[in-house]
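To start, the structure itself, in structure tokens.
Letters go in sequence order (proteins before strands), and every chain restarts at 1.
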Amino acid sequence: MSTRSLSKGCFVFKPSPKRRKVSRTTADYFREGNSDLEDSELRFATCQSLQKQVKSETEQIEEELNEQLFDNLVSFLRRSHSAFQEKTTEWTWRMKSREIPTAALVLGVNVTDHDFTFRSLSEVLQNNVTPYIALLEAKDCPGIKNLMQKLLGQLMNCCIDADSSEEEDYEQVSRNRVRCSMTSLINWYESATKRTDSETPGKKRTSSRHWQSPPVVVIFKDMESFTTKVLQDFVVISSQHIGEFPLVLIFGIATSPMIIHSLLPHSVSSLLCIELFQSLSCKDHLSTIIDKVLLTTQFPLKLSEKVLQVLINIFLYHDFSVQNFIKGFQLCIVEHFHSNPLSILCCQLEEAKGRVNSLSHNQCENVRRLPSFRRYVESQVSEKQIALLTADSSLKEAVWKLLEDLNVYHENYFPILRCLHVFTSSLPKYPLGKQIRELHCACLENRVWETEEYESSLQLARMLNKSDLVTMLQKCVEILVSSPGREFDEIVEKLKEFLTQFQKLEEAYQERDESVSPQKELQKKTNLFNLQKTLLELKESRRSKKLTKFEMLRFEVVDYIDSLVRRYLVPADHKTLHEIVYFNTASVLREHLNAAPRIALHTALNNPYSYLKSEALKSDGGSISNKAPDICIAYKLHLECGRLINLVDWLEAFSTVVTAAEGPTADAASSDQVDDVIHARFIRAVSELELLGFIKPSKQKTDHVARLTWGGC
Amino acid sequence: MSLEECRSAGTLAVKFVPDEDVLRHIADDAGVKVQKGKNQLLVNTKRFVKKLEAVSDDEAQEILEEKSYIAVLGLCGEESMTNGSSVGGGEVYAFQTPKRSNKMAELASELAQTPGQSVVPDPSECPEKTARTPQSSKRSSSIQVQQKTKKNEFVSTTPYRLRRRLAAPDAQLESESEYSASCSEEEEVEEAQKEVSAVLSHQKTPAKTKAVSTPPSRKTLTKKKDNMNNLVEEYFEAHSSSKVLTSDRTLQKLRRKRLNQETLHDLLQKSPIAYAAEIKELNQQYESLFSKWMLQLHLGFNIVLYGLGSKHDLLEKFRASMLQDSVHLVVNGYFPSITVKSVLNSITEEVLDHIGTFRSPLDQLEFIMKRFKEVWDQAKQSLYNWLWYETTTFSPYVEETSYENSLLVQQSGSLALSSLTHVLHSLTPNARGIFRLLAQYQLENKDNASYPGLSFQDFYQQCREAFLVNSDLTLRAQLTEFRDHKLIRTKRGADGVEYLLIPVDDSTLTDFLEKEDEDV
């Protein structure tokens with residue numbers, strides 16, 4: 001069956017039942033793309049398990065991050081709910097106040113992540129507070145009627161979830177679509193709560209989990225997209241009935257809480273008792289994820305600087321979506337394991353031993369081909385070189401050792417990186433970046449101690465005051481003590497020694513005050529000449545002055561940190577076998593996650609040679625050859641036009657180019673025929689350009705088309 | 001590149017620093033034997049590169065950050081087969097300066113030369129000149145003179161030698177176009193003189209934009225700002241004038257009949273596809289990715305293919321080779337009457353074998369979700385994990401464009417001569433007579449721009465007089481038939497009277513009447 005048809009745009013294909021062979025699994029597809037058949041299964045398994053680990057880890061992190069917010073929300077619900085229960089006794093008060101308790105949940109602009117938050121929120125509420133939760137989206141509620149329908153449907157369904165025995169009943173109800181009004185909602189609520197109250201003790205478990213007469217929580221996922229009318233109507237109507245059942249609203253807000261007031265007039269918003277909740281900003285969220293997922297030794301796969309940079313840039317410049325960041329990381333995992341046969345060794349160290357030993361000869365050759373391994377071989381003595389290059393067993397031994405080294409390197413790298421970050425993040429103007437990820441990128445990129453930024457941050461660190469320095473050292477000690485690295489005892493000792501020295505200094509430390517006096521002198525107003533003079537004098541005096549003890553110690557501390565950096569923060573790609581654990585094809589990632597279709601189109605049209613490797617298309621400079629595909633020529637010609645294009649001119653220009661390209665063979669006899677063909681080709685090129693959206697028909701002038709793009713010239 | 005930029009920006013930035021600040025700064029530095037000035041500079045420059053998140057109003061910084069961003073994202077994938085991504089955005093998205101109308105023809109003649117030779121189009125040097133008749137050379141020189149005197153070159157025709165290049169049989173066309181060209185020239189002379197000053201500034205800009213291919217970052221910041229202003233002005237200038245600076249020639253005057261869909265198809269079928277081998281090679285490259293696509297589809301990603309060229313065949317191949325064992329749905333987005341409903345219907349009816357209708361697409365969606373609950377993870381379904389793959393195929397969009405009403409192809413909606421005659425031949429002589437009457441009347445009024453059409457009453461009167469109908473009912477029945485064949489259009493005027501029009505351009509109508517006369 002063909003998918004070309006003039007009467008249908010949609011085609012369904014089902015596998016024919018006759019030849020139902022064993023359908024291929026994901027692993028099969030993984031293998032198919034690979035030349036190394038032997039290890040692919042294990043690789044795929046490793047890949048899958050790593051993906052799962054990352055997934056659960058990130059989800060857990062998110063849960064932890066949201067915990068605070070959810071706790072606040074639950075306590076808000078409790079408060080408003082207790083008010084409701086009290087109100088039931090105080091009739092007069094209830095009649096007076098018709099305010100609906102409302103939580104305004106400011107979630108930030110990363111809309112794609114909101115879904116996850118709402119899902120876990122409703123889960124939390126479902127487990128602890130109330131079974132009656134309705135999640136509403138603007139696209140489902142174009143009118144108040146649809147909103148009520150949706151609301152009732154969801155509430156009645158969630159009741160089914162709570163006690164499944166009544167399912168048949170409720171199925172009926174929701175199918176029949178009872179009149180969706182507030183009254184029916186209230187009736188339903190009363191009957192539902194009554195039933196749970198009079199339940200048998202066996203079912204008490206569910207009701208004890210929830211509160212007495214649980215509140216009905218209505219969540220508006222995307223408050224901004226709701227039409228004002230619907231929101232207003234809903235608020236007004238439900239405020240009429242707030243005394244009869246406990247309703248709580250939650251507004252999901254992406255922009256700012258001000259939106260409530262711009263969406264709802266005062267008369268309506270005064271019916272709400274709004275409390276504001278702020279979720280964690282997505283930037284903090286990302287930092288946590290990076291901190292806990294990327295900057296640990298927990299996961300064997302690491303990202304190279306460029307890859308990380310691409311992911312972060314997509315985050316910062318495109319969507320602020322943590323979910324997408326994680327998705328990008330997942331893609332890295334798949335790509336790495338799919339494309340790199342040696343990724344089989346990218347696993348926990350315990351497993352690696354066995355895998356190294358069972359490496360096939362082919363894989364050993366793969367190892368030998370690694371550039372970093374070659375460098376390593378070259379640095380060995382000649383006998384060792386021969387052994388490494390010829391004997392698989394000695395190679396395996398070396399690989400194992402190197403992998404261990406790599407592991408140790410990572411164990412040391414991350415704590416020291418954190419220590420350095422403690423220093424750099426408190427410097428003025430953050431020469432090495434404020435976030436640890438920036439520092440991490442800088443360290444991965446090249447030897448960080450050779451960069452100017454590092455130089456300047458060391459200089460700034462040499463100017464830190466004592467209290468800052470001491471707190472930083474203390475933080476560093478904490479970091480190092482809590483990290484699993486083996487070599488840190490000595491460092492911790494040293495740092496503690498510094499701390500005690502600072503302590504001592506404080507006791508015997510008075511003479512520093514004298515240096516203040518010349519500065520005081522300078523504070524008064526001077527003219528430029530005097531200023532210059534005093535400055536020169538000051539400089540002179542300083543040069544001659546001896547360093548104080550504190551300054552000496554400070555120098556020592558900074559130098560020590562510097563030595564740590566030089567020792568432990570070697571960029572990863574200087575390490576042998578880094579290719580195994582580092583995913584570094586950033587271009588793949590960028591291509592798949594942040595593609596630029598228009599640029600691809602532009603290149604294809606302007607420079608077809610980059611796709612079609614034909615000598616005839618080769619051209620120097622920006623121009624295209626006249627033998628280019630028709631659409632390219634038509635495109636090139638249309639770039640020369642203004643807003644409107646005369647089709648006749650275009651056609652003539654086109655045929656001029658095309659006939660010239662075809663050479664002088666077109667003689668007069670067949671010229672008519674040729675013309676028709678060229679005409680047809682022109683028509684095709686123009687309609688293709690129209691399909692691509694570069695031009696559209698225009699009624700402004702006969703036989704003209706309008707250009708739709710600006711640029712490309 | 002961005003680093004250099006930063007440095008230059010750093011040195012250029014001049015800031016007023018009060019004495020106190022200088023003092024404080026130096027005092028803070030106490031005890032360090034470093035060149036403070038250098039230090040300060042370093043910090044300054046780094047501020048531009050690092051701290052991408054730091055919110056700042058500083059415009060320069062924004063631009064620089066943007067650049068470093070582009071630099072990072074633009075890490076060229078040497079090993080990938082997509083060179084497309086290496087092009088910077090500036091080249092693609094820059095505004096375009098208004099062009100002279102004969103620019104296209106100039107480029108065409110330039111391209112017509114052997115590639116590589118950049119020929120400056122200059123009619124006096126054209127080798128064809130020797131072959132010209134004296135008269136034509138005079139004409140061309142007159143154009144030349146005009147071009148010289150009028151610096152702004154609003155000449156709305158292709159250069160003469162270009163037209164010469166075209167096939168000889170179109171002699172009549174040539175003279176005609178010449179005529180129309182001079183006409184438009186005359187019209188524009190006055191205006192041109194008025195606009196000289198404005199145009200002068202324009203003429204500088206094309207040169208500038210030509211140079212755009214060298215990275216714009218080479219320019220200093222201030223210059224860039226200027227450019228930006230210029231571009232904005234140019235854009236609005238280009239869009240403000242309602243005057244269209246193109247030649248007045250129409251396809252009508254080109255004595256080539258419009259091709260219809262079939263002949264077009266045949267012609268294209270006959271002409272070989274250029275670079276078939278290379279295109280095949282490209283396709284093979286993409287086909288080697290099929291199993292990877294399947295893997296990623298299985299892992300919860302979705303795939304988007306982009307790039308120039310039809311992907312229909314590629315996808316069809318993918319479908320045939322990979323998806324035979326799974327239920328799948330093909331939706332042709334270019335199909336003109338595709339709707340959400342039809343897509344959903346084909347899922348529910350054909351995939352799920354559900355019979356019955358749904359109240360709304362949303363209900364239908366819910367139903368589908370329920371049925372697929374085991375298959376789709378809620379989270380994955382809510383997020384389309386798009387992966388982008390570039391598959392520039394250069395294959396012609398045969399299928400995709402076939403639904404479009406091409407500008408040059410006979411449109412099926414409106415009618416042309418052949419269909420007109422066809423339909424009328426199937427009608428009674430009386431009916432033909434009625435149509436003739438209407439056509440003649442319309443042609444008589446063709447110079448009247450506000451001709452509303454023939455009112456029904458007048459038409460009835462005329463038909464009666466010609467013994468074509470005997471009651472207005474028969475006329476109405478006849479008109480209904482015409483309308484069904486889209487031969488006429490009726491519209492109500494402001495006074496509520498029904499007016500009848502033939503929605504065909506005058507020349508076709510004339511042709512039609514001539515032909516009819518021949519037949520009769």
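For the side-chain hydrogen bond (donor to acceptor under 3.5 Å, both in side chains) test, no residue two or more places apart in sequence or in another chain qualifies with A:Q48. Qualifying ring-ring contact (aromatic ring centres under 6.0 Å, His included) partners for B:F290, counting only residues two or more places apart in sequence or in other chains: B:W293, B:F318.
Separation of atoms NE2 (A:H602) and CG (B:L308) is listed at 12.5 Å; rounding is to 0.5 Å. Here the OH atom belonging to B:Y306 is positioned 14.5 Å from the CZ atom belonging to A:R598, to the nearest 0.5 angstrom.
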Start with the C-alpha distance between B:Q296 and A:L331, add both sets of side-chain angles, then the distance that settles side-chain contact (heavy atoms from CB on, under 4.5 Å), and finish with yes or no.
-> CA-CA 9 Å; B:Q296 280 162 342; A:L331 180 67; 3.9 Å; yes
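In terms of heavy-atom pairs under 4.5 Å with chain B, the best-connected choice from A:W650, A:F654, A:F116 is A:W650.
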